[in-house]
Amino acid sequence: TQLLEQSPQFLSIQEGENLTVYCNSSSVFSSLQWYRQEPGEGPVLLVTVVTGGEVKKLKRLTFQFGDARKDSSLHITAAQPGDTGLYLCAGDAGGTSYGKLTFGQGTILTVHP
Amino acid sequence: ETGVTQSPTHLIKTRGQQVTLRCSSQSGHNTVSWYQQALGQGPQFIFQYYREEENGRGNFPPRFSGLQFPNYSSELNVNALELDDSALYLCASRPVTWTGNTGELFFGEGSRLTVL
């Protein structure tokens, strides 16, 4: 059974601060995705990383995939209250498990004005 | 707006009852999967359907079953409801093309089930 350990579970910061969320596993994934979920809604895809060592940027968000494709991080620069939400990492093992995602337990981010 | 719609949005059942949740996937998406998300947790994969057949199942008992219809819409059925079945049930669909597809899912807003 593949597991994704996400940390921290809760993050409460002030507007303008930087933060990093980590997603770790002992398993290799063919790709890893980051989603953001707001209350009462389903998760919305932010980014997919596929290649070991890959770095992707989405405005103030920077995503990195570990060289061994077992871990990933999400870094937010100068957080804003609009960044508040549940951040989820999800791994796709590929092969016969293609498209069947294993999710981390999520990081609840609260950004205070 | 992902184009994936689920119904009902909220429902309350009692232990032992049965429930059917419905999902209409985005046009052109032939693969649909269902996830269970308990409060404060990440979603857990229940099963996936491709061309009306189950194509993979997570660690859920047989009382969780599903259907996919020719128009790619889907149902999740849960029999003999237990208190621990209380959760948000998410339906997600994927596009037809597999070229460059890395398994990205488009989620509906979910059906919130409460079992009393």
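Basis for what follows: all heavy atoms, side chains included, without hydrogens, waters or symmetry-related copies. Chain letters run A, B, ... following the sequence lines, proteins first, then strands; residues in each count from 1.
- Within 6.0 Å of atom CD in B:Q44, 12 or fewer heavy atoms from other residues, nucleotides or ligands are found, so the atom counts as exposed in its surroundings.
- Atom CG of B:L39 is surrounded by 12 or fewer heavy atoms from other residues, nucleotides or ligands within 6.0 Å.
- Interface remark: A:L86 contributes side-chain atoms only to the contact with chain B (heavy atom separation under 4.5 Å).
- B:L90 and A:G42 get closest at one heavy-atom pair: CD2-CA, 3.9 Å.
- The two atoms that bring B:P43 and A:L88 nearest to each other are CD-CD1, 3.9 Å, heavy atoms only.
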Let me check something: any side-chain donor-acceptor pairs from residues 101-113 of chain A under 3.5 Å, sequence neighbours excluded? List them with distances.
residue : atom : partner : partner atom : Å
A:Q105  : OE1  : A:Q6    : N            : 3.1
A:T107  : OG1  : A:Q6    : NE2          : 3.3
A:T107  : OG1  : A:P8    : O            : 2.6
A:H112  : NE2  : A:S12   : OG           : 2.7

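- Atom CZ of B:R63 has more than 12 heavy atoms from other residues, nucleotides or ligands within 6.0 Å.
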| Could you go step by step and tell me if A:Y35 and B:L105 meet the side-chain contact (heavy atoms from CB on, under 4.5 Å) rule? | CA-CA 10 Å; A:Y35 290 83; B:L105 299 178; 3.7 Å; yes
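- Within residues 70-84 of chain A, no residue has a heavy atom under 4.5 Å from a heavy atom of chain B.
- Within 6.0 Å of the CZ atom in B:F60, the count of heavy atoms belonging to other residues, nucleotides or ligands exceeds 12.
- Linking ILVMFWY residues whenever their side-chain heavy atoms come closer than 4.5 Å, directly or via other members, places B:L83 and B:V19 in the same cluster.
- Between atom CD of residue A:E41 and atom CZ of residue B:F107 there is a gap of 13.5 Å, rounded to the nearest 0.5 Å.
- For chain A, the nearby part of B:Y35 is the side chain; its heavy atoms alone come within less than 4.5 Å.
- Contact of B:Q37 with chain A is made through the side chain alone, with heavy-atom distances under 4.5 Å.
- Note on B:V32 and A:V44: separate hydrophobic clusters, where clusters join Ile, Leu, Val, Met, Phe, Trp and Tyr whose side-chain heavy atoms are under 4.5 Å apart, directly or indirectly.
- The main-chain N or O of B:G58 is never found under 3.5 Å from a side-chain atom of A:K100 such that the two would form a donor-acceptor pair.
- Using a 4.5 Å cut-off between side-chain heavy atoms of Ile, Leu, Val, Met, Phe, Trp and Tyr, with links allowed through other members, A:Y87 and A:L58 fall into the same hydrophobic cluster.
- Within 6.0 Å of the CD atom in A:Q14, the count of heavy atoms belonging to other residues, nucleotides or ligands exceeds 12.
- Around atom CG of B:N59, no more than 12 heavy atoms belonging to other residues, nucleotides or ligands sit under 6.0 Å away.
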